[in-house]
Every structure is written in structure tokens, then in C-alpha cells.
Amino acid sequence: MSEATTRFAVLTPPGTAAVATIAVIGVRAWEIVRRLFQPAAGGDLPSAPEEGRFWYGRLGGPSCDAVVVAPVAAAEPRIELHCHGGVQAVRVVCATLADNGAEAEPLGAWPSRAAGTFAAMAKTELTRAPTLRTASIVLDQVHGAFERAVTVTVAALAAGEPPKARYLLGALAEYAPLGRHLVRPWRVVVAGAPNVGKSSLVNALAGYRRSVVTPVPGTTRDLLATPLAIDGWPVELIDTAGQHDPGEALEGQGIARARTAAATADLCLWIVDAAAAPVWPDPWPANALIVINKIELTPAWDSASVPEAIQVSAQTGSGLDQLIEHISHGLVPNPPLPGSAVPFTAELADTVTSAAEALAAGDVEAARSEMAALLNPA
Ligand SMILES: Nc1nc2c(ncn2[C@@H]2O[C@H](COP(=O)(O)OP(=O)(O)OP(=O)(O)O)[C@@H](O)[C@H]2O)c(=O)[nH]1
Ligand SMILES: [Mg+2]
């Protein structure tokens with residue numbers, strides 16, 4: 001890198017935060033930032049930085065977040081940009097700087113798996129864990145739970161002790177589905193016929209009016225995702241268009257999307273109306289939970305004929321605690337005790353699952369070599 005090179009580096013840790021700080025360093029730092037930045041007060045930045053001053057405005061055009069620019073006295077010319085701390089906002093600012101002649105410098109980079117240990121890798125995941133519950137599971141892995149479990153499993157496989165290895169590997173594989181969702185939320189889809197109260201239920205679970213609710217059937221036309229925590233698990237709750245025979249092209253598209261979303265969800269809440277003839281899914285989505293809504297109204301049919309259904313009222317809030325328990329149990333039937341080993345990324349979950357399958361098929365050596373590779377990456 002020549003002396004004339006201007007670099008930029010994200011100084012704040014990876015992950016979502018309120019504010020991110022990006023340093024731009026080098027002889028062209030001011031020139032590059034000045035070209036990209038529009039002060040909110042109008043005009044341009046001064047031709048040279050004035051120490052101790054800062055400006056509020058936008059970087060890289062109206063599509064970027066508002067940014068404050070503060071020149072910092074240092075041996076080498078250096079500007080700091082403070083922008084919204086969302087991952088996407090930081091990405092946009094970095095891309096804008098890179099497109100305009102600055103080079104990325106990984107000043108604050110955290111160690112990667114290849115360069116470090118499971119603890120270093122878990123620390124990176126910890127910055128991305130969206131809830132306290134998932135963060136505490138990842139923290140157990142920072143403290144070595146997964147690494148210890150892999151070590152004893154490899155030792156058992158190497159010693160030719162399949163029953164012990166099967167037990168240890170089985171315990172790890174049991175948490176593979178959970179490990180895939182410590183950072184990425186589960187997708188829970190709310191589906192059913194028009195007007196059964198899907199949007200009302202989404203709003204009741206979210207605690208605010210996220211979806212439009214009206215007495216007119218066909219109000220929701222497209223998928224609407226709401227991020228929330230259910231019993232501490234990160235969930236994307238997806239409201240959908242009511243499923244019936246579509247009367248118009250737009251509605252038809254919404255219904256097709258609703259069907260696909262229900263079929264591919266981690267969990268589908270199929271809502272039926274207690275006060276109207278029930279409409280059942282066709283085909284029945286895998287992982288469906290039946291929810292009978294509007295139970296405070298006079299029933300139009302015998303809900304006792306579906307004993308496994310959860311009975312709620314989105315309007316009064318009755319039954320919502322029970323629904324939350326069922327969703328939580330549907331996503332994580334057997335939550336880990338504190339200190340348990342959990343394969344805490346999708347990649348680790350895949351390896352553990354594949355090794356457990358190899359062992360179940362009697363291939364001890366394949367299982368051993370897959371698990372050993374985790375301890376000694378190429
Ligand atoms: N009494 C009663 N009315 C409810 C309840 N939940 C929803 N409603 C009413 O039912 C009507 C439809 O509610 P929505 O939440 O818009 O229903 P939806 O299933 O999203 O409807 P579409 O988007 O049109 O498919 C509205 O008038 C709601 O106020 C409930 O628990 N009790
Ligand atoms: Mg709706």
C-alpha cells in the first residue's frame with residue numbers, strides 16, 4: 001500500500017448497534033469525504049478540515065444515512081464518519097468509500113475460524129445474537145462448551161468407543177437445528193382463510209399495530225414480516241394473504257406467496273375462526289399448529305372436535321400465553337440447559353449432523369475424521 005493510499009476502517013465492532021464509526025485515513029481522506037458529503041445546512045464542506053468541528057448531513061446521495069464528519073488531529077490525516085449502526089448502513093457507507101478511491105483496511109476485524117479458535121468464532125456470533133437467550137447460549141460456547149464436547153467426542157471415536165461416541169454426538173446433533181437459529185430467526189408464518197384474524201393475531205403477538213386490520217376480507221395482500229422474540233427465540237412472524245379462490249390477479253399472487261411461505265416455514269400457525277365455518281389447509285403444511293381465534297364470540301362450530309388446537313382471542317388477548325408456549329415448544333422442543341454444548345453456526349451444525357449420520361450408518365472413521373477436522377481446520 002503506497003503512502004498516497006487512502007484507507008478506511010470500521011472502528012466499531014461488527015453487528016448491529018445505534019451508531020457506527022468509520023475512520024478514513026490518508027492524504028486524500030478529506031478530499032474523498034468532501035466530494036461525497038452534503039452538509040444538511042447546505043453548501044459544501046470547507047476546502048480543508050477545521051480541527052474540532054463537525055458537520056451533520058448525508059454521505060453519497062440521498063439514499064445514504066445521515067452522517068456526522070469530525071476531523072481528528074493525528075500524525076496522518078484522518079476523518080471520522082459516524083453513521084447509523086445498522087449492518088446495511090455501514091455496508092453502504094463502506095461501499096461508497098470503496099467506489100470513490102479509498103481502500104478497506106480490516107482494522108477492527110475479529111479473528112476468523114481459520115485464524116483462531118472456537119472461542120474467537122463464537123465471539124463473532126455473539127455480536128450478532130439478537131436475543132438475550134440466544135446470546136447466553138453463544139456465550140457458553142465462548143467459554144468452551146462446544147470445543148470441549150468436540151474434543152471428548154473425537155477421543156471416544158478414536159478410542160473405538162461407538163456407544164459413548166454415539167451418545168456424545170447425539171447430544172450435539174440434537175442442538176443442530178437450534179444452532180442454525182442463534183443468529184438467523186425462525187420463520188413463523190400466520191396463514192388461514194380471509195378475515196379469520198391473522199393480522200390481528202400478528203399485532204397482538206408483536207404488541208403494536210404492525211399489520212392493517214379491517215372487517216373487509218382480503219385486506220392483507222402480500223407477505224409482511226415482523227421481527228420479534230418469542231420466549232427469547234428470535235422469530236420472523238410473517239402475516240399472509242387469506243387463502244381462498246383468488247378473484248383477481250393481484251390477490252392471486254398474494255395467495256400463491258402465502259401458500260409457498262406456509263409450505264417453507266419453520267412453523268405455520270393455521271388460523272380458523274371460532275365464529276364462522278372452519279377452513280382447513282389444503283395441502284396441510286408440515287409443522288402446522290392449529291389456532292382457533294375469536295373464541296370470545298358465540299361459536300359457529302364445535303371446537304372440541306380439534307382437541308390439539310390452541311384457542312385464542314386476538315381481541316381480548318385470551319390464550320396468547322399458551323400460544324407463545326406452543327410456538328416456543330414447536331421451535332425448540334428441548335431447550336439446552338445452561339452450559340450445554342451447541343454447534344453455534346450453520347456450518348458447525350451441518351458437520352455435526354453429517355458426522356452423526358455417518359456414525360449411525362456404522363462408519364466410525366468418517367465420523368471421527370469429520371469431527372477431528374473441526375479441531376484442525378485446513
Ligand atoms: N371479535 C373478534 N374479532 C376479531 C378477532 N380477531 C380479529 N377480529 C376481527 O376480524 C376482522 C378481520 O381481522 P383481520 O386481522 O384483518 O383478519 P385477517 O385474517 O388478517 O384478514 P385478511 O387479511 O383479509 O385475510 C376485523 O374486523 C378484526 O377486528 C377476535 O379475536 N375477536
Ligand atoms: Mg390480514
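Atoms within each ligand, like the ligands themselves, are counted from 1 in listed order.
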Colleague: What is the OG(Ser199)-the Mg ion (ligand 2)-OG1(Thr220) angle, to the nearest 10 degrees?
Modeller: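 It rounds to 90°.
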Colleague: Any N or O on Ala314 sitting closer than 3.5 Å to an N or O of ligand 1?
Modeller: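 Such a contact does occur with ligand 1.
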Colleague: Examine Gln315 against ligand 1 and note whether any of their N/O atoms are separated by less than 3.5 Å.
Modeller: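 By distance alone, the answer is yes.
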Colleague: Who's closest to atom 16 (O) of ligand 1 heavy-atom-wise, of Asn195, Asp239, Thr214, Thr219?
Modeller: Thr214
Colleague: Can you list the ligand 1 atoms lying under 4.0 Å from a non-hydrogen atom of Leu297?
Modeller: 1 (N)
Colleague: Test your reading of the structure: does Gly197 have an N or O sitting under 3.5 Å from an N or O of ligand 1?
Modeller: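 Yes, at least one N or O pair falls under 3.5 Å.
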Colleague: Donor-acceptor pair, Thr131 side chain versus Gly232 backbone, under 3.5 Å?
Modeller: yes
Colleague: Identify the closest protein heavy atom to atom 27 (O) of ligand 1: which residue and atom is it, and at what distance?
Modeller: Pro215 CA, 3.4 Å
Colleague: Which atom pair, heavy atoms only, marks the closest approach of Arg133 to Ser328?
Modeller: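 Smallest heavy-atom distance, with atoms named: NH1-OG, 4.5 Å.
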Colleague: Please confirm whether the backbone N or O of Ala193 pairs with a side-chain atom of Lys198, one donor and one acceptor, at under 3.5 Å?
Modeller: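 Yes; at least one donor-acceptor contact below 3.5 Å.
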Colleague: Could you list which atoms of ligand 1 come closer than 4.0 Å to a heavy atom of Glu296?
Modeller: 1 (N), 2 (C), 31 (O), 32 (N)
Colleague: Pro217 to ligand 1: N or O pair under 3.5 Å?
Modeller: no
Colleague: Has the side chain of Trp270 got a donor or acceptor atom that lies under 3.5 Å from a matching backbone atom of Val279?
Modeller: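 Yes, Trp270 side chain to Val279 backbone: donor-acceptor pair under 3.5 Å.
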Colleague: Relative to atom 24 (O) of ligand 1, which among Pro194, Ala193, Gly218, Gly192 owns the nearest non-hydrogen atom?
Modeller: Gly218
Colleague: Could you go through the side-chain hydrogen bond (donor to acceptor under 3.5 Å, both in side chains) check for Ser303 and Gln311 one step at a time?
Modeller: CA-CA 9 Å; Ser303 60; Gln311 308 217 10; 3.3 Å; yes
Colleague: Could you identify the single nearest non-hydrogen protein atom to atom 25 (O) of ligand 1 and state the distance to 0.1 Å?
Modeller: Lys198 NZ, 2.8 Å
Colleague: In this structure, would Ile22 and Trp30 fall into the same cluster of hydrophobic residues linked by side-chain contacts under 4.5 Å?
Modeller: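 Yes, because Ile22 and Trp30 connect within a single hydrophobic cluster, where side-chain heavy atoms sit under 4.5 Å apart.
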Colleague: Would you mind running through ligand 1 and noting each atom that sits below 4.0 Å from a heavy atom of Ser200?
Modeller: 6 (N), 7 (C), 13 (O), 14 (P), 15 (O), 28 (C)
Colleague: If hydrophobic clusters are built by linking Ile, Leu, Val, Met, Phe, Trp and Tyr wherever their side-chain heavy atoms come under 4.5 Å apart, do Leu320 and Leu269 end up in the same one?
Modeller: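 Yes, Leu320 and Leu269 fall within the same hydrophobic cluster.
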Colleague: With side chain to side chain contact (heavy atoms under 4.5 Å, CB included) as the test, would you mind laying out the steps for Val306 and Trp301 before giving the verdict?
Modeller: CA-CA 11 Å; Val306 194; Trp301 54 285; 4.0 Å; yes
Colleague: Of the non-hydrogen atoms in Asn293 and Gly197, which two are nearest, and what is the gap between them?
Modeller: ND2-CA, 3.6 Å
Colleague: Can you name the atoms of ligand 1, numbered from 1 with element, that are less than 4.0 Å from a heavy atom of Val216?
Modeller: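 Counting from 1, the qualifying ligand atoms are 24 (O).
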Colleague: Do any of the N, O or S atoms of Thr240 sit under 2.8 Å from the Mg ion (ligand 2)?
Modeller: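 No, since none of the N, O or S atoms of Thr240 sits under 2.8 Å from the Mg ion (ligand 2).
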Colleague: Number the atoms of ligand 1 from 1 as they appear, then name those within less than 4.0 Å of a heavy atom of Gly242, with their elements.
Modeller: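 Here the atoms of ligand 1 in question are 25 (O).
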Colleague: Looking only at atom types and distance, does a side-chain atom of Arg210 sit under 3.5 Å from a main-chain N or O of Ala225, one as donor and one as acceptor?
Modeller: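 Confirmed, Arg210 side chain pairs with Ala225 backbone.
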Colleague: Please test Glu125 against Arg128 for salt bridge (Lys or Arg N to Asp or Glu O under 4.0 Å), starting from the C-alpha separation and ending with a verdict.
Modeller: CA-CA 5 Å; Glu125 295 304 298; Arg128 302 168 62 211; 3.3 Å; yes
Colleague: With atoms numbered from 1 as shown, which atoms in ligand 1 lie under 4.0 angstrom from a non-hydrogen atom of Asn293?
Modeller: 5 (C), 6 (N), 31 (O)
Colleague: Does any N or O atom in Val213 lie less than 3.5 angstrom from one in ligand 1, N or O only?
Modeller: no
Colleague: Counting only N and O atoms by type, is there a donor-acceptor contact under 3.5 Å from the side chain of Arg148 to the main-chain atoms of His143?
Modeller: yes
Colleague: Does the shortest distance from the Mg ion (ligand 2) to an N/O/S atom of Asn195 fall below 2.8 Å?
Modeller: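 No.
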Colleague: I'd like to check whether Lys294 has a polar contact with ligand 1, where a contact means an N/O of the residue lying under 3.5 Å from an N/O of the ligand.
Modeller: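 N/O-N/O distance below 3.5 Å exists for this pair.
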